[in-house]
Amino acid sequence: MAINIQTAVDHWLRLLVCLVISMTIHASANLNNVNITILQSAVAKGAVCLDGSPPAYYHAKGFGEGANNWFLELQGGGWCNTEEKCLYRTTQSTGSSKYKEKNITFGQIDSQNQTENPDFYNWNRVYIGYCDCSSYLGNLESNTNITRRGARIFDAIIEDLLAKGMSNAENAILAGDSAGGLGAILHCDRFSQEVLPNAKRVKCLTDSGFFIHAKHLPGADKRAEYFANVTAYHGIHADSLPSSCTSRMNASLCLFPENIIGDMKTPLFLVESAFDEYQLTHNFFSNESTWTNCTSNLEVCTPSQLQTMKDYGIASRQTLQEISDTTSVGMFVHSCYRHGHFYEHAGWDQSTLLAGKTIAQAIGDWFYDRSFFQEIDYDNELPLFRNCSKFTSCSHETNLYA
Ligand SMILES: *[C@@H]1O[C@H](CO)[C@@H](O)[C@H](O)[C@H]1NC(C)=O
Ligand SMILES: *[C@@H]1O[C@H](CO)[C@@H](O)[C@H](O)[C@H]1NC(C)=O
Ligand SMILES: *[C@@H]1O[C@H](CO)[C@@H](O)[C@H](O)[C@H]1NC(C)=O
Ligand SMILES: *[C@@H]1O[C@H](CO)[C@@H](O)[C@H](O)[C@H]1NC(C)=O
Ligand SMILES: *[C@@H]1O[C@H](CO)[C@@H](O)[C@H](O)[C@H]1NC(C)=O
Ligand SMILES: *[C@@H]1O[C@H](CO)[C@@H](O)[C@H](O)[C@H]1NC(C)=O
Ligand SMILES: *[C@@H]1O[C@H](CO)[C@@H](O)[C@H](O)[C@H]1NC(C)=O
Ligand SMILES: *[C@@H]1O[C@H](CO)[C@@H](O)[C@H](O)[C@H]1NC(C)=O
């Protein structure tokens with residue numbers, strides 16, 4: 001009973017804090033309020049959202065010493081892989097630009113506030129709207145009522161940004177969140193080698209985009225089948241995936257970052273939770289009918305469900321560890337129960353530290369080669385998650401991952 005009261009109090013406190021945060025953001029919104037750009041010219045190239053509407057992005061211009069630096073962030077929002085689910089997405093902002101906000105507030109790594117975002121505040125910052133539900137990879141030729149053209153959307157927006165000055169980029173980062181973070185990984189080498197071959201420094205950054213296959217954990221076949229369905233439904237071409245992977249295995253398995261990161265040529269940084277909330281909730285790690293109850297309220301988990309979560313935490317860290325052993329990939333892997341950091345106001349501040357650094361410091365140091373950063377919170381004493389601030393996933397409730 002005491003636990004339930006505590007949970008309720010936490011819930012209300014969290015809502016209250018979110019309200020205060022959002023009011024604060026709106027009060028000082030001017031600097032960071034960015035209007036939408038609808039890319040009408042993309043339609044002629046067949047680069048359209050699921051509903052046929054043009055793609056969209058939000059661009060805050062760089063200034064001062066950042067005028068020729070570009071930070072691109074691919075919005076996420078899961079996938080759809082059936083007619084029914086994708087049809088539903090055409091009525092949502094993740095499937096149509098018609099429902100995208102006319103303006104949004106940039107924060108954290110997108111923020112123009114130097115205190116909050118010392119390394120990138122004056123860069124060109126572009127938030128690319130997700131509306132293809134294929135991690136920017138789909139390219140189905142034949143049109144039905146649902147167009148599947150994520151790869152063309154990516155190309156059309158890149159082309160537009162090049163014309164708007166990105167062709168002179170000195171420093172650039174291709175980043176993304178969740179399904180967009182997966183897109184950033186899969187587009188990364190092409191971005192650095194073909195889009196910006198002459199830039200001084202190009203790197204990629206993924207926020208909660210490391211979706212694991214974890215072959216030895218229950219549900220592995222189902223996870224693979226899910227991505228295979230996404231691949232087939234959206235017409236993701238094998239030749240748009242890294243050949244170092246497709247030459248070794250079925251192309252649909254090359255959507256799992258663990259199968260491609262080891263061969264990437266471009267420096268990559270991962271911001272991840274070892275107990276990723278979205279993956280535990282959605283990606284088939286348990287068959288139990290009470291699983292959803294457990295993942296939405298850990299207090300009601302059975303011992304076997306908690307064991308599944310522990311196994312997941314061990315597997316995700318092991319998978320990341322194996323990658324870190326073979327490449328120079330940077331990583332900030334904490335143990336809070338969380339998914340998404342850049343756009344969810346989560347963990348950007350002092351609430352989440354590894355080796356004494358915040359996520360912002362770790363990324364800045366890594367990008368500018370001030371110091372390498374590769375930390376996995378690997379505490380064997382840790383039973384499950386770390387007890388991180390409860391107030392860190394505000395906008396998660398209203399975000400796109402439903
Ligand atoms: C942002 O868009 C909303 C409507 O979508 C509008 O009411 C508001 O004035 C806009 N704010 C700015 C700063 O353009
Ligand atoms: C910039 O961020 C800092 C730290 O969050 C805050 O105290 C300050 O008010 C912000 N400045 C502006 C102009 O919003
Ligand atoms: C496409 O939409 C039209 C009009 O809403 C409908 O009649 C048709 O059955 C749809 N086709 C498919 C393949 O869903
Ligand atoms: C669910 O059950 C099936 C059949 O028993 C099994 O093959 C699969 O691995 C299970 N999935 C999970 C996530 O436990
Ligand atoms: C994959 O697609 C098949 C055929 O539509 C469907 O039966 C199956 O449930 C799908 N699997 C997953 C994991 O989405
Ligand atoms: C790749 O995997 C999918 C899904 O399991 C399967 O339908 C397809 O036939 C496989 N392709 C090859 C070339 O084995
Ligand atoms: C999940 O929790 C709700 C509310 O406590 C309960 O009514 C429901 O029966 C639970 N579901 C399962 C499958 O146990
Ligand atoms: C987590 O931390 C909060 C604040 O420090 C504390 O009130 C709470 O009891 C802790 N919860 C657990 C399960 O340790």
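Just the heavy atoms: all of them, side chains too, but no hydrogens, waters or symmetry mates, feed the values below. All ligand and atom numbering here is 1-based and tracks the order in the structure. Counting from 1, the numbers follow the sequence of the chain as shown.
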Open item on the list: Using side-chain heavy atoms (C-beta onward) and a distance below 4.5 Å, is Q108 in contact with H341?
Closed with: no

Task: Atoms in ligand 4 flagged as close to F285, the criterion being non-hydrogen separation under 4.0 Å - done: 13 (C)

- [ ] Determine, for cysteines C86 and C133, whether their SG atoms are under 2.5 angstrom apart.
- [x] no

Open item on the list: List ligand 7 atoms under 4.0 Å from S289, heavy atoms only on the residue side.
Closed with: 13 (C)

Open item on the list: Please work out, at 4.0 Å between heavy atoms, whether the side chain, the backbone, both, or neither of N81 comes within that distance of ligand 5.
Closed with: side chain

Open item on the list: If you scan the protein for heavy atoms around atom 11 (N) of ligand 5, do you find one that is closer than 4.0 Å?
Closed with: yes

Open item on the list: Under a 4.0 angstrom heavy-atom cut-off, which atoms of ligand 4 come close to F284?
Closed with: 13 (C)

- [ ] Identify whether the distance between the nearest side-chain nitrogen and carboxylate oxygen of K45 and D155 falls below 4.0 Å.
- [x] no

TODO: Between A220 and ligand 4, find which residue part has any heavy-atom pair under 4.0 Å and reply side chain, backbone, both or neither.
DONE: neither

Open item on the list: Which residue and atom name correspond to the protein heavy atom nearest atom 4 (C) of ligand 7, and how close is it?
Closed with: N293 ND2, 4.6 Å

Open item on the list: Could you walk me through whether S192 and T266 satisfy the side-chain hydrogen bond (donor to acceptor under 3.5 Å, both in side chains) test, starting with their C-alpha distance in whole Å, then the side-chain angles of each, then the deciding distance to 0.1 Å, before giving a yes or no?
Closed with: CA-CA 7 Å; S192 72; T266 311; 2.6 Å; yes

TODO: Taking the side chain as every heavy atom from C-beta outward, state whether L196 and F191 have any atom pair closer than 4.5 Å.
DONE: yes

- [ ] Please report which non-hydrogen protein atom sits nearest to atom 14 (O) of ligand 7, along with the residue it belongs to and the distance in Å to one decimal place.
- [x] T290 CG2, 3.2 Å

